[in-house]
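Numbered from 1 within each chain, the chains take letters A, B, ... in sequence-line order.
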Amino acid sequence: ARLLHGSIFAKVIEGLRELVNEATWECSGNGITLQAMDSSHVALVSLVMRSEGFESYRCDRNMSLGISLVSMSKVLKTMGKDDSLTIRVNDDSDSIIIAMESQNQDKFADYELRLMDLDSEHLGIPDTDYSCAIKMPSSEFSRICRDMSIMGDSVLICTTKEGVKFSAKGDLGQGSIRLVQTTNIEKEEEAVIIEMKEAVALTFAVRYLSMFCKAAPLSPQVGLSLSEDTPLMCEFKIAEMGHVRFYLAPKIED
Amino acid sequence: KRHQNQLRLYYSSD
């Protein structure tokens, strides 16, 4: 699998590696997918990178590759900003080859990472018709998670027709941030758009939402999909290629 | 007290 802009792949890994330290990559002719849960099984990430999004892509037989995302992140940090990236696994090999090329083809770096044997549980996530679908700038969402974490461990997300409200409370007191739906969309990337069938009010652990925001550099916009008594879906699109979707179980009153 | 659910309550294993 070859990417002209290897930085896309580095951003994907950076977006996942805090939530899941290691994961099984499923490779087929259609592309690369991954599904993994965090160690407490409260959050899940689902990654899709379609073959047509790569500069070139070939997969002669389906493979499951157990990879340490922490190690891969370290290797990818050695990559130059404009480097291209090729990922290769040879038949019957116990390692993955990560090759980087500088833009003017004067530097070539190769790394081999040992593959791991991982037990992975795969959950079936049905297509869900969510009550609310919110789109907002991903930088804004990151900022809100950071700001709400000052006040508490949990953030309550409430939607109305007018907008969406995030609030948190704790020992210090409480705080809230309300975003109003953008009425005059000039730049789509900066818009806050709320599609609502029913109002929702759901509480989530802000620590996990903050981890999801590590994937924010992938996309200028984030999508949040919510329904009562259903895990939140937080989506960052990978341009022309696929997406990273995070799922998080809501907090409930005991 | 707030309790965090596991995803298995919502989604089943494939």
Checklist entry - Under 6.0 Å from the CD atom of A/E198, do we count more than 12 heavy atoms belonging to anything else shown? => result no

Next on the checklist: With a 4.5 Å cut-off on side-chain heavy atoms, are B/S12 and A/L123 touching?
Outcome noted: no

Checklist outcome for this item: Shortest non-hydrogen pair, A/A43 vs B/L7, comes out as C-CD1, 3.4 Å

With a 3.5 Å cut-off and sequence neighbours excluded, list the donor-acceptor pairs that the side chains of residues 9-20 of chain A form with protein atoms.
| residue | atom | partner | partner atom | Å |
| --- | --- | --- | --- | --- |
| A/E14 | OE1 | A/R17 | NE | 3.1 |
| A/E14 | OE1 | A/R17 | NH2 | 2.9 |
| A/E14 | OE2 | A/R17 | NE | 3.3 |
| A/E14 | OE2 | A/S73 | OG | 2.7 |
| A/R17 | NE | A/S73 | OG | 3.2 |

Checklist outcome for this item: Highest number of heavy-atom pairs under 4.5 Å with chain B among A/D153, A/I125, A/T230 belongs to A/I125

Checklist entry - Between atom CG of A/L44 and atom CZ of B/R8, what is the distance when rounded to the nearest 0.5 Å? => result 11.0 Å

Checklist entry - Under 4.5 Å, heavy atom to heavy atom, which residues of residues 31-41 of chain A contact chain B? => result A/M37, A/S40, A/H41

Next on the checklist: Any non-hydrogen side-chain atom of B/N5 less than 4.5 Å from a side-chain atom of A/V42?
Outcome noted: no

What pairs of donor and acceptor atoms, side-chain ones from residues 167-175 of chain A against any protein atom, are under 3.5 angstrom apart with sequence neighbours left out?
none

Checklist entry - Heavy-atom count around B/Q6 CD within 6.0 Å, excluding the residue itself: above 12? => result yes

Item to check | By side chain to side chain contact (heavy atoms under 4.5 Å, CB included) - contacts of A/D229 (at least two apart) | outcome: B/Y10

Checklist entry - Do other residues, nucleotides or ligands put more than 12 heavy atoms under 6.0 Å from the CG atom of A/D91? => result yes

